[in-house]
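What follows is a set of notes on a single structure, which appears directly below.
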Number of protein chains: 2
Amino acid sequence: MTSAPRPASPRAARTRGVPEATVARLPVYLRALSALADEGVSTVSSEELATAAGVNSAKLRKDLSYLGSYGTRGVGYDVGYLVYQVSRELGLSQDWPVIIVGLGHLGHALANYGGFVSRGFAIRALVDADPDLVGVEVAGLEVRPIGELEQLVARHGIAIGVIATPATVAQEVCDRLVSAGVSSILNFAPTVLAVPEEVEVRKVDLSIELQILAFHEQRKVGAAHVTRELVEALPGRAAVSS
Amino acid sequence: MTSAPRPASPRAARTRGVPEATVARLPVYLRALSALADEGVSTVSSEELATAAGVNSAKLRKDLSYLGSYGTRGVGYDVGYLVYQVSRELGLSQDWPVIIVGLGHLGHALANYGGFVSRGFAIRALVDADPDLVGVEVAGLEVRPIGELEQLVARHGIAIGVIATPATVAQEVCDRLVSAGVSSILNFAPTVLAVPEEVEVRKVDLSIELQILAFHEQRKVGAAHVTRELVEALPGRAAVSS
DNA sequence: CTCACTTTGTGCCTGGGTTCACAAGCGCTT
DNA sequence: AAGCGCTTGTGAACCCAGGCACAAAGTGAG
């Protein structure tokens with residue numbers, strides 16, 4: 001969806017035959033499974049897990065079946081074992097070193113986001129072009145000048161880069177990351193990035209998400225051709241006018 | 001993809017016949033068009049616009065054709081007119097008032113994110129449960145206690161809510177937003193939210209995006225040798241292959 | 001006016017993803 | 001040991017989306 005993973009050779013396309021849509025859901029399953037494990041639940045049925053993950057149970061079973069036959073008919077799935085298998089499939093058995101480029105508000109928030117560290121990722125380098133930011137400590141790590149980008153990538157063996165810069169410099173930063181050896185990029189800048197075939201880019205665009213919501217919101221309102229106040233007055237809604 | 005827009009009646013699904021996938025791309029087109037407009041370009045072909053947006057030109061034409069026949073054969077599209085039409089379709093002719101719940105690092109970054117304001121959205125309320133944050137001014141707006149949530153939603157006629165709280169309280173916040181009248185939610189908390197049918201939820205999950213990247217990264221690296229070094233890190237039940 | 005050229009709009013085909021529905025398999029009980 | 005109930009795994013149908021390729025439609029030159 002985000003990028004176009006269309007390899008030149010069709011043969012390389014299915015390495016393990018796990019569909020892209022399934023890959024995108026595995027992290028959700030993993031989170032639900034981890035929560036169950038923390039609660040001490042040892043076995044879970046596809047129906048329960050599907051509900052927790054917010055998907056159809058048939059879809060969940062088919063997704064899991066791409067990884068192998070890890071369930072027991074009549075019983076369900078062993079939570080601990082499934083956590084292990086899904087983690088392994090996602091490549092989370094190891095810690096991936098990550099670099100964040102751009103430490104404005106967003107980059108700052110990302111560096112401090114606990115969800116990264118806890119799930120197989122380790123932020124190893126922070127760089128920014130602003131001299132005022134260089135030297136500042138963020139999330140226990142010192143911000144380095146952007147000139148050290150290549151060096152830091154090499155030293156820590158970084159394969160995953162996060163771009164949280166203004167859109168104007170995103171492509172330039174991206175190019176530098178790629179030529180330094182980064183092959184997966186998470187882009188928060190509102191720009192379409194051009195990258196070589198073998199580099200994977202995923203885009204997170206906050207304003208796009210809001211615009212999609214606005215579309216649906218408008219559709220709701222405009223469908224009945226009424227003001228928002230009248231919509232709110234539908235039965236079952238809490239009274240808005242205090 | 002992000003949420004599950006599964007209406008009970010399939011008939012209600014297409015109000016205007018614009019496919020969901022198209023809606024998701026319209027904001028990208030809009031951004032490219034706005035950039036062109038700023039450069040003073042008055043006419044653009046589907047080929048040029050498609051390149052700028054990073055999509056296939058046939059797809060772009062088909063997407064635009066859902067909105068109407070706004071191009072001129074042999075010439076292309078009028079940039080200004082298309083900006084207007086796409087904006088209108090997305091419901092951006094008006095400014096949507098938005099509330100942000102949770103002003104930790106992420107909420108703070110969101111409140112300061114210029115991309116919102118410039119594109120049809122106006123952040124009208126900030127609330128947080130932490131007493132230390134209440135009263136603090138963020139992006140020119142004062143953070144209010146979470147108790148005022150309902151009141152603020154009503155006063156500003158807010159239909160779109162952004163959740164940037166810890167996962168543990170996200171569902172509770174969501175429920176309150178919904179019962180206060182919010183019908184579109186952008187969720188940054190790493191949780192699956194349960195909402196009534198008519199409420200639209202979109203999810204942005206940073207660690208999920210990284211995990212998807214890790215999958216592809218692992219596939220590139222480990223096509224030959226599977227990493228089994230950290231096998232002992234799994235719960236005792238994984239005495240399988242190897 | 002006619003012709004050549006350009007670009008849109010779309011019919012059709014292909015492929016991936018989702019869902020249904022059911023057979024296969026497992027454990028528990030009798 | 002056999003039967004019963006439960007749950008997985010998957011074949012098959014359906015639906016949405018993407019992309020090719022072309023007819024339709026407009027422009028400008030001669």
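This one's a predicted model, so the numbers in the text were calculated from it and none came from an experiment. Just so it is clear: chains get the letters A, B, ... in the order the sequence lines come, proteins before strands, and each one is counted from 1.
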Base, backbone or nothing for each nucleotide of nucleotides 10-15 of chain C, written B, S, -, heavy atoms under 4.0 angstrom, 5' to 3'?
BBB---
Polar pairs (N or O, both sides) under 3.5 Å between protein and nucleotides 28-30 of chain C?
none

Any donor-acceptor pair under 3.5 Å linking the side chain of K220(A) with the backbone of E198(B)?
yes
Determine: side-chain N/O of Y77(A) to OP1/OP2 of dC26(C), distance under 4.0 Å, yes or no.
no
Among Y81(B), Y77(B), Y29(B), whose ring pair (Phe, Tyr, Trp, His ring centres under 6.0 Å) with Y70(B) holds?
Y81(B)
Whole angstrom is fine here: how far is it from CZ in R25(B) over to P in dA17(D)?
8 Å
Side-chain donor/acceptor of W96(B) to backbone N/O of Q218(A), under 3.5 Å:
no
Just checking, any donor-acceptor pair under 3.5 angstrom between side chains of E47(A) and S57(A)?
yes
Measure CG/D78(A) against C1'/dT8(D) and give the value in whole Å, please.
15 Å
Looking at V204(A), is its backbone amide N or carbonyl O close enough to the side chain of E209(A) to form a donor-acceptor pair, meaning the two atoms are under 3.5 Å apart?
no
Results of salt bridge (charged side-chain N to carboxylate O under 4.0 Å, His left out) for R61(B) - residues two or more places apart only:
none
Output the rounded distance in Å from OH (Y66(B)) to C1' (dA17(D)).
8 Å
Over how many whole Å does the gap from L60(A) atom CG to dT19(C) atom P extend?
12 Å
Examine dA17(D): is either OP1 or OP2 under 4.0 Å from a nitrogen or oxygen in the side chain of N56(B)? Give yes or no.
no
Length of the line joining L67(A):CG and dT8(D):C1', which is rounded to integer Å
14 Å
Over all atoms of both residues, closest heavy-atom pair of P190(A) and Y113(B):
CG-OH, 3.9 Å
DNA chain C contacts made by residues 29-53 of chain B, counting heavy atoms under 4.0 Å:
S45(B), S46(B)
Counterpart residues, side chain to side chain contact (heavy atoms under 4.5 Å, CB included), relative to T22(A) (two or more places apart)
V18(A), P19(A), R25(A), L26(A), D63(A), Y66(A)
Taking NZ from K59(A) and P from dC15(D), how many angstroms apart are they, rounded to a whole number?
16 Å
For residues 160-172 of chain B, which side-chain N or O atoms pair as donor and acceptor with protein atoms under 3.5 Å away, sequence neighbours left out?
from	atom 1	to	atom 2	distance (Å)
Q171(B)	OE1	A194(B)	N	2.9
Q171(B)	NE2	D175(B)	OD1	2.8
Q171(B)	NE2	A194(B)	O	3.0

